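In what follows, a structure is listed as structure tokens, so that the remarks can point back to it.
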Amino acid sequence: MPVPPDVRIDTLLQHTGQAPLDPATGSGPVAMPSMRTSTVRFADMDALDRAQAAKARGERVPTYGRVGLQTHESLETLLCRLEGGSRAFLAPSGMAAISMALMALVGQGDHVLAADCVYGPVRFLHKTVLSRMGVGMDFVRPTVAALQAALRPETRVLYLESPGSLLMEMLDLPELARWAHDRGLVVVADNTWGSGYIYQPLALGADVSVVAVTKYVGGHSDLMLGAAVARDETLNRRLGDTHYALGSTVSADDAWLALRGARTLGLRMRQSAEHALEVCRWLAARPEVSRLFHPAWPDDPGHMLWRRDALGSNGMLSVAVDLDRAGARRLIDALRLFGIGYSWGGYESLITQVESGALDTHGYWDEHADARMRAGSVLRLHIGLEDPRDLITDLDQAFVHALA
Ligand SMILES: *Cc1c(COP(=O)(O)O)cnc(C)c1O
């Protein structure tokens, strides 16, 4: 029985990408198994010809193992349903999905406009690879005025991330996408924060959504995987050709883990979001805290945009504290329940110090940081699934230690 088309997202997460039934026995596994294979075999030459013809039309037909069989297809289908796309192309990491999407869309002499709040390594991608291919890239404040000022005749792509990676600033994606489309640009959005569950860039106007499945979809800090999702046929074709030409492939075991994680994406995100708000409430009452960056927090400048465009929140927050660099390091070192580390979206709480140099390139920081915030430090926290009362107790003792 096919899944009714109008079911809600939590239902889709359980009923999409199921294992097929064996026509001979009329039965099949509930959970999709990991189908490891390096290649595909065909019943006869006609079957192979049909597959080749479908592949030439741009359809998802495996003729070789790199494309992946049902495990990969299930994950792709689930990501398409989450993001509202018609095709998803898997990559071995979120960063690989970003590189693949940009390489699919630009060539020598082209120019990319990017928001200054995007995931830091995208700047490195430009510096080391795209610039060598003759692609220009500018990172600017994601407002229509700043983008217009930086627009060039050869600009092809607007690359966004909402909310931004370090300070979670919400962008007005519909407005920016309208501006870009009026100028013939393709809009690519990094949707790792939303992961299709709480934010849907394609519905808000983006043409391609890239997701680090590594984070919330995988959700258990045990795999690296990324995807680029689109719904326009021409864009799907370009992404598909580039995906194929770059030899981008993912282990069936990793696709299986991502699929397993995705079934509980909603539960985990809701729980993390609830815990993050509790931690925000506690932090906001601390005299050493000068500012919280979390769009679901009512005082966040992006709160109204978040209410308009997002369907929920998650465990990511940044906090400006009145501690110098050494004090912030003491606080982090004193924590017992927060792992010190990058990444997020897993079951566990993590913390990193945001380097002030990284914020220098963020117009949002310039606009919102007062003297007190500039004198202090910014910490980025991922609030996981632990009991938030324990996390708060841990933060409390770490503040005492850092201020001693
Ligand atoms: C982690 C992350 C990526 C990269 O994902 P990897 O799987 O680690 O390569 C891209 N964008 C954002 C916003 C991220 O947080």
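Basis for what follows: all heavy atoms, side chains included, without hydrogens, waters or symmetry-related copies. The residues of the chain are indexed from 1 along the displayed sequence. One-based numbering, in listed order, for ligands and for the atoms of each. What you see is a predicted model, and the numbers here were worked out from it, not measured in a lab.
At a 3.5 angstrom cut-off on N or O pairs, G94 counts as close to ligand 1. Taking distance alone, with nitrogen or oxygen atoms compared against 3.5 Å, E161 stays at or beyond that limit from ligand 1. No N or O atom of S165 sits closer than 3.5 Å to an N or O atom of ligand 1. Annotation: M224 places no N or O atom under 3.5 Å from an N or O atom of ligand 1; distance criterion only.
Taking the charged nitrogens against the carboxylate oxygens, D10 and R270 do have a contact shorter than 4.0 Å, which makes a salt bridge. D387 has a carboxylate O that lies under 4.0 Å from a charged side-chain N of R389, or vice versa, which qualifies the two as a salt bridge. A salt bridge between R308 and D172 is present, with a side-chain N of the basic residue lying under 4.0 Å from a carboxylate O of the acidic one. D396 has a carboxylate O that lies under 4.0 Å from a charged side-chain N of R286, or vice versa, which qualifies the two as a salt bridge.
If you number the atoms of ligand 1 from 1 as listed, the ones under 4.0 Å from a heavy atom of T214 come out as 6 (P), 7 (O). Applying the 4.0 Å criterion to heavy atoms of M95 picks out, from ligand 1, the atoms 4 (C), 5 (O), 6 (P), 9 (O). Interface atoms of ligand 1 facing S93, defined by a heavy-atom separation under 4.0 Å, are 7 (O), 9 (O).
Between K215 and S343 there is a side-chain heavy-atom pair separated by less than 4.5 Å.
Distance from atom 11 (N) of ligand 1 to its nearest protein heavy atom, with residue and atom name: D190 OD2, 2.6 Å. Here the protein heavy atom with the shortest distance to atom 1 (C) of ligand 1 is K215 NZ, 1.5 Å. The single protein non-hydrogen atom nearest to atom 5 (O) of ligand 1 is A212 CB, 3.2 Å, given as residue, atom name and distance.
In this structure a side-chain-to-backbone donor-acceptor pair under 3.5 Å is present from S318 to L166.
Heavy atoms of W344 approach ligand 1 to within less than 4.0 angstrom.
Aromatic pair H126/Y159: ring centres not closer than 6.0 Å.
Between Y199 and W193, the ring-plane angle classifies as perpendicular under the 30° and 60° cut-offs.
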